[in-house]
Number of protein chains: 2
Amino acid sequence: MGATIKDVAALAGVAVSTASYALNGIGRVSTKTRDKVLDAARQLNYQKNGIASDLKRSRTNTIALLLSDLSGPYYSSLIKGVQEVSLNNGYDLIACSSIGGDSSTAVKFIKEKRVDGAIILAHNIPDRTIMDSAREGFPIVMLDRRLEHESVCYVEADHDKGGLLATNYLIENGHRRIAFVSGPASSKHNKDRYNGFTRAMNDHGLTIEPRWNLIGNFTEEGGYRAVKLMIAQGDLPEAVFFANDEMALGGITALQEAGIRVPEDISVIGFDDIVQARFLNPGLTTVRQPDYEVGALAVHLIFQILKGESVAQHYTLDTELVIRGTVRSIQN
Amino acid sequence: MGATIKDVAALAGVAVSTASYALNGIGRVSTKTRDKVLDAARQLNYQKNGIASDLKRSRTNTIALLLSDLSGPYYSSLIKGVQEVSLNNGYDLIACSSIGGDSSTAVKFIKEKRVDGAIILAHNIPDRTIMDSAREGFPIVMLDRRLEHESVCYVEADHDKGGLLATNYLIENGHRRIAFVSGPASSKHNKDRYNGFTRAMNDHGLTIEPRWNLIGNFTEEGGYRAVKLMIAQGDLPEAVFFANDEMALGGITALQEAGIRVPEDISVIGFDDIVQARFLNPGLTTVRQPDYEVGALAVHLIFQILKGESVAQHYTLDTELVIRGTVRSIQN
DNA sequence: CTGTTAGCGCGTTCAC
DNA sequence: GTGAACGCGCTAACAG
């Protein structure tokens, strides 16, 4: 167990350096010697110690995707984008979680230079930590927030425009009395979506009723509660714009429980296009973010920076309306 | 940038080893010296090179979860189990994919000893590779298949009993003419589920119609096709047991398209309890595996082995029936 | 008891 | 094709 390159060299009767060259297939070695070495390696079941190799090379050929929690939520398309582009560039990809904040695996990996670059989708890693790690030459791309720092850049969907898109769609379908269920006030994305909403409302001379500005905290439970509250107030709006799909899920449950039909009695629109959206009946109309593209671009930027090319600090991608069955057209 | 421990020692005016002791908080250093060192480290924004550290210690304090594809399917509960137990034991956890087979990140990490142990849920890593890596002291736990090797153990749900459970439930509800839609023949889990099915059928003296033994390959598409075929044959069964939920999803779509109602005209049961199952209308009745427990047990075993304690080679956990709305009771 | 010296871990790479 | 330095931090043995 655990043969080292020394053992291989000894068995093959060559110097360690020669063994290394042969193993890595870098010129300088006659075919005969190479074969001897490879043979010895096979006999000893030799596997190089990747850590020693990384240490010497001072690069790991690996990039990390930092998530708040490995067990979810499910950023399938985004990860696919990250994964495909990494692999195409010959880099390895690992995912790790930031549970535990500054003492988490995620933070350890960027701080201790265990990877060559990182993509961050983990709200609980403090800006400070990220900036400390973002030394010259250590590329970091943020996906969940903005961060002004020379060697950190960020990619995001245009949530503002997405909010506008969704709201305009409701208005085009004849809705005028529209409620908005927000996520947490601290969320930039929530704020952007809300901005888009207000812009659309104002553009069409519609008024935003304060009593229809509800808080749902981006959770299914929160959406459920918000709608319960709305129902308790009486006087329902014609449509509800949930700032994310999870809240819409909860909201729809609350509506169903009250015998209010979607979309016959009230229209609903969400944001994100999570997997479940398609499986509701009727399917949830929502706004899709270009997740795959966000992921792909993020890694692409990492490689640009690694190559020493300069990149912009900020990229915005478009969102797209996904029309299913929860919004109906009202004839006025 | 990139201060090393040498710089810290120099600035603090002590030897490197002293700096190391101070930084790691291992006795042998006066408070005063310690403070000087910590101060110097702070000033230089020092971060240890984790790779050098790992090399020296020859352990990484990290375990890896090897998945076929980081972008899905979504083993949320299982990963939660793995994650929580790892963290509780003070170990870091990383996830990586085996896309690319023997040249994948996953394989690289186990071969090159970049982690202290691994949990494998990646069918495309060859047995051979796993056995080569499973040297003395390198713990590997398999979740997706059995592998007979002294230092490899496996944990699995009782798929056979799960198949029995599902089938018995259909039979208890008066169904006698039952179809079975299989996954790929190569899948052990599929085979076990099918065994449970046949056992239940035989126990009740029911016959298995060959024309109702369909192949769906564990995919939504496959389930869809299988049901289309079944419909084309005419003479529908009373119930269909899909060997996994994804196929059930596809099958239900096919039934709907043909105007066949679930469960009024035909009952459906699945296996796995994927997230979507709950969101179908009606909710999909299915068999749940104890995913969290499987994950938690897997890591637990890793730690046992790491501590040099001996463990059994094989663990089986029970499955559970999740009753929702796709099976109806037939009065004969 | 505090602090230092020296060598190790393992593979890579440069100069000869 | 080879010897030896090197990457960086850890630690046993030793000196003060």
Side-chain angles (χ1 to χ4, degrees), chain A residues 1-38 40-41 44-62 108-109 111-116 135 137-138, chain B residues 1-38 40-41 44-62 108-109 111-116 135 137-138:
Chain A
M1 66 186 78
T4 73
I5 198 171
K6 275 181 195 159
D7 303 318
V8 175
L11 182 57
V14 298
V16 172
S17 48
T18 307
S20 175
Y21 287 129
L23 257 7
N24 292 309
I26 307 175
R28 305 179 187 318
V29 177
S30 70
T31 319
K32 207 175 123 195
T33 312
R34 182 200 315 302
D35 289 347
K36 258 197 316 195
V37 172
L38 295 182
L44 296 170
N45 191 21
Y46 167 76
Q47 288 301 153
K48 82 165 167 201
N49 180 322
I51 302 192
S53 172
D54 285 350
L55 175 58
K56 178 60 194 173
R57 300 191 130 110
S58 55
R59 45 183 279 257
T60 60
N61 216 53
T62 303
K108 173 175 154 187
F109 270 69
K111 269 195 178 164
E112 301 182 359
K113 307 161 189 100
R114 294 183 129 86
V115 287
D116 294 345
R135 304 163 305 282
F138 188 83
Chain B
M1 52 215 58
T4 74
I5 199 172
K6 276 182 196 160
D7 303 319
V8 175
L11 180 58
V14 298
V16 172
S17 49
T18 307
S20 175
Y21 287 131
L23 258 5
N24 292 309
I26 307 175
R28 306 180 184 321
V29 178
S30 69
T31 318
K32 207 175 125 193
T33 311
R34 184 203 310 303
D35 289 347
K36 257 199 316 197
V37 173
L38 295 182
L44 296 170
N45 191 23
Y46 165 77
Q47 287 302 153
K48 84 162 166 204
N49 180 324
I51 301 192
S53 174
D54 285 351
L55 175 58
K56 178 62 193 174
R57 305 189 124 112
S58 55
R59 45 183 279 259
T60 60
N61 217 52
T62 302
K108 174 174 155 188
F109 269 69
K111 269 194 177 165
E112 301 182 357
K113 306 158 189 103
R114 294 182 128 88
V115 288
D116 295 344
R135 302 164 305 283
F138 187 84

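Lettering follows sequence order; numbering is per chain, from 1. Here the structure is a predicted model, which is why all the values come from computation and not from measurement.
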message: If the condition is side chain to side chain contact (heavy atoms under 4.5 Å, CB included), which residues does A:R57 pass it with, not counting sequence neighbours?
response: A:K48, A:S53, A:R59
[X]: which residues meet the side-chain hydrogen bond (donor to acceptor under 3.5 Å, both in side chains) condition with it, sequence neighbours left out?
X	result
B:N45	none
B:T62	none
B:N49	none
A:E112	A:R114

message: Once salt bridge (charged side-chain N to carboxylate O under 4.0 Å, His left out) is applied, do any residues pair with B:K108, and if so which ones, sequence neighbours excluded?
response: A:D92
Within-4.5 Å side-chain heavy-atom neighbours: B:Y46 and B:L38: no
message: I need the minimum non-hydrogen distance between B:V29 and B:A22, along with the two atoms involved.
response: CG2-N, 3.9 Å
- request: Do nucleotides 9-16 of chain C as a string where each nucleotide becomes B, S or -: B if the base has a protein heavy atom under 4.0 Å, S if just the sugar-phosphate does, - if no protein is that close.
  value: BBBBBB--
field: Closest-nucleotide ordering on DNA chain D, the 5'-leading residue of A:K113 and A:G13
entry: A:G13
- request: Give the angle between the helix axes at the two ends of the helix from C:dC1-D:dG16 to C:dC16-D:dG1, taking five base pairs at each end and rounding to 10°.
  value: 50°
- line: Its 5'-most and 3'-most nucleotides having an atom under 4.0 Å from a non-hydrogen atom of chain A, DNA chain D is contacted over D:dG1 to D:dC8
Indicate every side-chain donor-acceptor pair of residues 2-15 of chain B with a distance under 3.5 Å to a residue at least two apart or in another chain.
from	atom 1	to	atom 2	distance (Å)
B:T4	OG1	B:K6	N	3.1
B:D7	OD2	B:T4	N	2.8

query: Do A:K113 side-chain atoms and B:Q47 backbone N/O form a donor-acceptor pair below 3.5 Å?
result: yes
